[in-house]
Amino acid sequence: MMRRALLLFCAGAATMLAQGNPDWHKEFPAFQIVGNLYYVGTADLAVYLINTPQGNILINSDFKQDVPLIKKSIEQLGFHYRDTKIVLISHAHGDHDEATALIRRETDAKLMVMDADVPAEESTAPGRPGAHVDRALHDGETVELGGSKLVAHLTPGHTKGCTTWTMQVRDGARTLNVVIIGSPNVNPGYILVGNKNYPQIAEDYVKTFAVLKSLPCDVFLGAHGAYFGLKAKYEKMKAGAANPFIDPEGYKAYVAERDDTFRKEWERQKQNPGSAAP
Ligand SMILES: [Zn+2]
């Protein structure tokens, strides 16, 4: 219990976990998801590139050690890393944001982060990026560049400023709603009942699931490839299937399953005060 609590609050926890997931740092082919939205992440740590006539937006930086793979993916698509104008994150955990300061420095991009995650983003504690945030975002605000518009939805619990991004993309004659889930997950060590550092954590998860259920979704994406079946869908796409990332039913099923899992764990902790998530 002590060790778990320590792990949770240890800023280096994500780095430690990193060594346990071989997909986190594994190269993955860069590809067009739909319209002007591209995948430039690793085999599990999702990084999205939105290409516009005024430069590119990146969502997530991954760990510092993953940046060479991200650069390679961007260039393989025929884009330029130096054209990165805005960097956004899913939430302030190292697997999504450790390299934000590095990318900001190398490209002069503006870093924009949900207000409640700004302290964690600017922190220089071990494993934190210590990045200067150029713009603090508030729930529902938009980020616009070259005709593309992203909406920042506060979906807290996993972190206080966890953000789900939505945008509309053109696909031929159609307009599709894209949802990039920040994280609906209760990590090992998370305390949902009587959490001194985050008293309203459980209520925040409840809010998050209500928000996720309210979002119109055609294209289902998230901070980790595992959320939406990146590998299997990419293989289907390569085989010539109709775009498998257009998956409204998969989105609904995923959100419902995660909501159910959260509620069961919350119930379990209510019955076992002082316990943390396994
Ligand atoms: Zn996380």
Side-chain angles (χ1 to χ4, degrees), residues 6-31 38-50 56-77 79 81-82 84 86-114 117-134 158-165 180-183 185 187-190 221-228 230-231 234:
L6 195 69
L7 252 182
L8 171 58
F9 297 109
C10 169
T15 312
M16 281 185 259
L17 287 167
Q19 280 128 30
N21 187 335
D23 276 351
W24 279 16
H25 308 300
K26 197 186 283 171
E27 187 168 357
F28 197 78
F31 66 98
Y38 297 82
Y39 189 86
V40 295
T42 70
D44 183 59
L45 299 180
V47 181
Y48 301 97
L49 181 146
I50 294 106
N56 303 323
I57 300 172
L58 279 188
I59 303 180
N60 295 327
S61 73
D62 297 358
F63 290 105
K64 285 183 206 160
Q65 71 184 92
D66 304 316
V67 170
L69 288 181
I70 297 170
K71 285 183 186 171
K72 191 173 159 188
S73 287
I74 294 171
E75 304 290 328
Q76 270 174 354
L77 291 168
F79 304 130
Y81 176 64
R82 66 171 178 274
T84 308
I86 297 173
V87 177
L88 307 172
I89 62 167
S90 289
H91 59 267
H93 280 164
D95 46 344
H96 313 293
D97 78 348
E98 194 195 68
T100 52
L102 174 69
I103 295 176
R104 183 178 174 276
R105 192 169 61 240
E106 288 184 341
T107 65
D108 283 328
K110 302 280 182 235
L111 175 62
M112 304 183 187
V113 172
M114 190 63 82
D117 267 0
V118 168
E121 198 60 23
E122 297 198 323
S123 166
T124 54
R128 294 283 73 232
H132 175 75
V133 174
D134 298 285
H158 185 81
T159 65
K160 290 175 182 173
C162 185
T163 307
T164 293
W165 290 100
I180 303 172
I181 297 179
S183 176
N185 296 319
N187 276 11
Y190 273 31
L221 300 169
H224 288 270
Y227 295 0
F228 57 93
L230 168 68
K231 287 185 190 173
Y234 176 75

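One-based numbering along the sequence shown.
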Quick one, M114 and K160 - any side-chain contact, counting heavy atoms below 4.5 Å?
no
So, Y227 versus S183: side-chain donor-acceptor pair below 3.5 Å or not?
yes
What pair of heavy atoms forms the shortest contact from H132 to L111, and how long is it?
O-CD2, 3.6 Å
Looking only at heavy atoms, which two atoms of I89 and W165 are closest? And how far apart?
O-NE1, 3.0 Å
Value rounded to 0.5 Å, distance of CD1 in I50 from CG in L88
7.0 Å
As a quick check of understanding, evaluate side-chain contact (heavy atoms from CB on, under 4.5 Å) for D97 and D117, giving each step before the final call.
CA-CA 11 Å; D97 78 348; D117 267 0; over 6 Å; no
Which residues pass the salt bridge (Lys or Arg N to Asp or Glu O under 4.0 Å) test with K71, sequence neighbours left out?
E106
Could you tell me whether a side-chain N or O of D62 sits under 3.5 Å from a main-chain N or O of A99, the two making a donor and an acceptor?
no
With F228, which residues qualify under ring pair (Phe, Tyr, Trp, His ring centres under 6.0 Å), at least two apart?
none
What residues, two or more places apart in sequence or in another chain, satisfy ring pair (Phe, Tyr, Trp, His ring centres under 6.0 Å) together with Y81?
none
In chain order, what residues pass the side chain to side chain contact (heavy atoms under 4.5 Å, CB included) check against A101, with sequence neighbours excluded?
A131
Backbone N or O of G182 within a donor-acceptor pair of the T163 side chain at under 3.5 Å?
no
The reported gap from CG in D95 to CG in L45 (rounded to nearest 0.5 angstrom) is 5.5 Å
Taking side chain to side chain contact (heavy atoms under 4.5 Å, CB included) as the test, write out the residues that go with L69, two or more places apart.
E27, T42
With sequence neighbours excluded, what pairs up with E75 under the salt bridge (Lys or Arg N to Asp or Glu O under 4.0 Å) test?
none
So does G222 get a backbone contact from the side chain of Y48, meaning a donor-acceptor N/O pair under 3.5 Å?
yes
How many angstroms lie between CG in L221 and OG1 in T164, if you round to the nearest 0.5 Å?
11.5 Å
CA sep, side-chain torsions, deciding dist, call: L102, V67, side-chain contact (heavy atoms from CB on, under 4.5 Å):
CA-CA 9 Å; L102 174 69; V67 170; 3.8 Å; yes
Holding to side-chain hydrogen bond (donor to acceptor under 3.5 Å, both in side chains), I want the full list of residues that pass it with D66, two or more places apart in sequence or in another chain.
H25
Across all chains, not counting sequence neighbours, the side-chain hydrogen bond (donor to acceptor under 3.5 Å, both in side chains) partners of S90 are N60
Take F79 and Y38 through the side-chain contact (heavy atoms from CB on, under 4.5 Å) test and state the conclusion after the steps.
CA-CA 11 Å; F79 304 130; Y38 297 82; 3.6 Å; yes
If you apply the rule side-chain contact (heavy atoms from CB on, under 4.5 Å), what do you find for L58 with V47, and how did you get there?
CA-CA 7 Å; L58 279 188; V47 181; 4.1 Å; yes
K64 meets the salt bridge (Lys or Arg N to Asp or Glu O under 4.0 Å) criterion, sequence neighbours left out, with none
May I ask you to decide if N185's main-chain N or O and H158's side chain share a donor-acceptor pair within less than 3.5 Å?
yes
Write down the atom of D134, the atom of K110, and the distance for their closest heavy-atom approach.
OD2-CA, 3.3 Å
Heavy atoms only: give me the nearest S61-I70 pair and the separation to one decimal.
O-CD1, 3.1 Å
With sequence neighbours excluded, tell me which residues meet salt bridge (Lys or Arg N to Asp or Glu O under 4.0 Å) with D23.
K26, K231
So do the side chains of R128 and E121 get within less than 4.5 Å of each other, counting heavy atoms only?
yes
Suppose we screen for ring pair (Phe, Tyr, Trp, His ring centres under 6.0 Å). Which residues come up paired with Y234, at least two apart in sequence or across chains?
F28, F31
Under the side-chain hydrogen bond (donor to acceptor under 3.5 Å, both in side chains) rule, collect the residues that match up with T84, sequence neighbours excluded.
none
